[in-house]
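Counting starts at 1 for both ligands and their atoms, following the listed order. Counting from 1, the numbers follow the sequence of the chain as shown.
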Amino acid sequence: MTATERLLPPGEALDLVFANVTHRLPAEEIDLLEAPGRILSGPLVADRDLPPFPASTMDGFAVIADDVSPWREIIADQFAGDMQDIEVTEGTCARIMTGAPVPKGADAVVPVEKTELRDDHMVADEDEIVEGANIRPIGSDLRKGDVLIEAGTTLGPAEIGLLASLGHARVNVVRRPRVSVLSTGDELVPPDQEPGPGQIRDSNRFSLKAAAESAGCEVIYCGHGPDVEDELRALVTDLMKQSDIVITSGGVSVGDKDLLKTLFMELGSVHFQRLFMKPGKPLNFMTSGETIVFGLPGNPVSALVGFEVFIKTAIRIISGQPNPAPRLATVRLAESVQSSDRIEYMRAVIATDDDGVLWAKTTGPQQSARLMSLVGANGFILIAPRETNYQPDEVVEALITGHVAQGGA
Ligand code: AMP
Ligand code: MG
């Protein structure tokens, strides 16, 4: 049997994503102020030592540690941001501020609290004067040539601060994936319309756009298509030309109007169409050159679970992020759980107890149309089919997708 005929376990489906998505998006240069959340395209290598000069960590006096003079003449004031051409010699010192360069000759800073002033002279508590004290030596933060941030790192406040301190007003990041979202189905109406008999509101277009944007993508199209073959073909063909990833919802099961499933076979190489997974059995993955297409099922929960597991993985791959596969944790069940005929991604609230153990509780009824099963969930527990119920305390795998709170499980 081929992967398109049998129900493929999600792990094998992920292997096919890795096998068929191997390219990386190009880099672009952006302003550092625009960089939060973006992904560094190449490693950041230190081009100089930091600090570039020995710097005082205290307000005090720069002295020679071995100097045994009972008092020292103050020959200069050394402020931060200023480099005076002076030299501390035996019997002298310089007043110095935090962050200021330590003058030539000096090899220790004595904090101002440990000194007394007599006229133009400083008398120090000699026990406080130790060579190197209160000085950050050249290169003690970082050394020229050090790899400071690996390529593929998502830029947060610390990375951005480091980039700024190294003089990078602009930074090379991975271009955001360009994503199109197309919901299909003649029964769908937009949120501002009252559904007629047999109609429902289109939620996937909105939830999938939100998911794509939360995952760092630029959504270049977000629309709805009818269950009409020629129109869908024209739409999908056009979206594939402009997008790195095309995401469709609906039209991939076995109904008469499930047109996308056959259309995908015409428009590219289909790698899987049916998964041993619940929700999300009819989930399609197709590529054509470097264009990636995911045909998600129409049920709102199935669509978002499929996004979390497969589309996010593809996004991480093309963005060059480390560890692109979904990362599984082990959690304990806080309640008994009944399995189904496929590996079920049950929506759950996962929290730690006082000992740091992760506990999971499902969000109630798990039907794939019930978006409320996802609202408030911070992960999925993976429940494989088996004869007997899963018992409270049992350990299962989980995909954690949100913030884990302390307590409350
Ligand atoms: P389908 O995958 O097209 O067979 O759709 C499966 C179920 O999901 C049907 O009940 C559809 O009405 C529903 N559905 C399909 N697309 C959407 C959508 N964009 N938003 C909300 N529900 C949808
Ligand atoms: Mg449909």
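The ligand atoms of ligand 1 that sit less than 4.0 angstrom from a heavy atom of Leu188 are 16 (N), 17 (C), 18 (C), 19 (N), 23 (C). In summary, the atoms of ligand 1 found under 4.0 Å from a heavy atom of Ser183, numbered by their order in the structure, are 19 (N). Counting the atoms of ligand 1 from 1 in the order shown, those under 4.0 Å from a heavy atom of Asp202 are 18 (C), 19 (N), 20 (N). Per-residue contacts place Gly251 under 4.0 angstrom from the following atoms of ligand 1 (heavy atoms of the residue considered): 1 (P), 2 (O), 3 (O). Close approach of ligand 1 to Arg201 (heavy-atom distance below 4.0 Å) involves ligand atoms 20 (N), 21 (C). Using a 4.0 Å cut-off to heavy atoms of Ser249, the atoms of ligand 1 that qualify are 19 (N). Within the listing of ligand 1, atoms 21 (C), 22 (N) sit less than 4.0 angstrom from a heavy atom of Pro300. Atoms of ligand 1 lying under 4.0 Å from at least one heavy atom of Ser253, given by number and element, are 4 (O).
Using a 4.0 Å cut-off between heavy atoms, Glu187 contacts ligand 1 through its side chain alone, with no backbone atom that close. Contacts between Ser203 and ligand 1 below 4.0 angstrom, taking non-hydrogen atoms only, involve backbone and side chain alike.
For Thr363, the side chain to side chain contact (heavy atoms under 4.5 Å, CB included) partners two or more places apart in sequence, or in a different chain, are Arg347, Val349, Gln366, Ser373, Ala377.
In this structure, CG in Asn204 is found 10.0 Å from NE2 in His224, a value given to the nearest 0.5 Å. Leu304 CG to Leu208 CG: the interatomic distance, rounded to the nearest 0.5 Å, is 5.5 Å.
Results of the side-chain hydrogen bond (donor to acceptor under 3.5 Å, both in side chains) test with Asp244 over His23, Arg175, Arg176 single out Arg175 as the only residue that passes.
Other residues, nucleotides and ligands place more than 12 heavy atoms under 6.0 Å from the CE atom of Met265.
In terms of N/O distances under 3.5 Å, ligand 1 is not approached by Val252.
The salt bridge (Lys or Arg N to Asp or Glu O under 4.0 Å) analysis of residues 365-389, with sequence neighbours excluded, yields the pairs Arg386-Glu394.
Between Ile292 and Ile245 the shortest side-chain heavy-atom distance falls below 4.5 Å.
The aromatic rings of Phe294 and Phe285 sit parallel, their planes meeting at an angle under 30°, below the 60° perpendicular limit.
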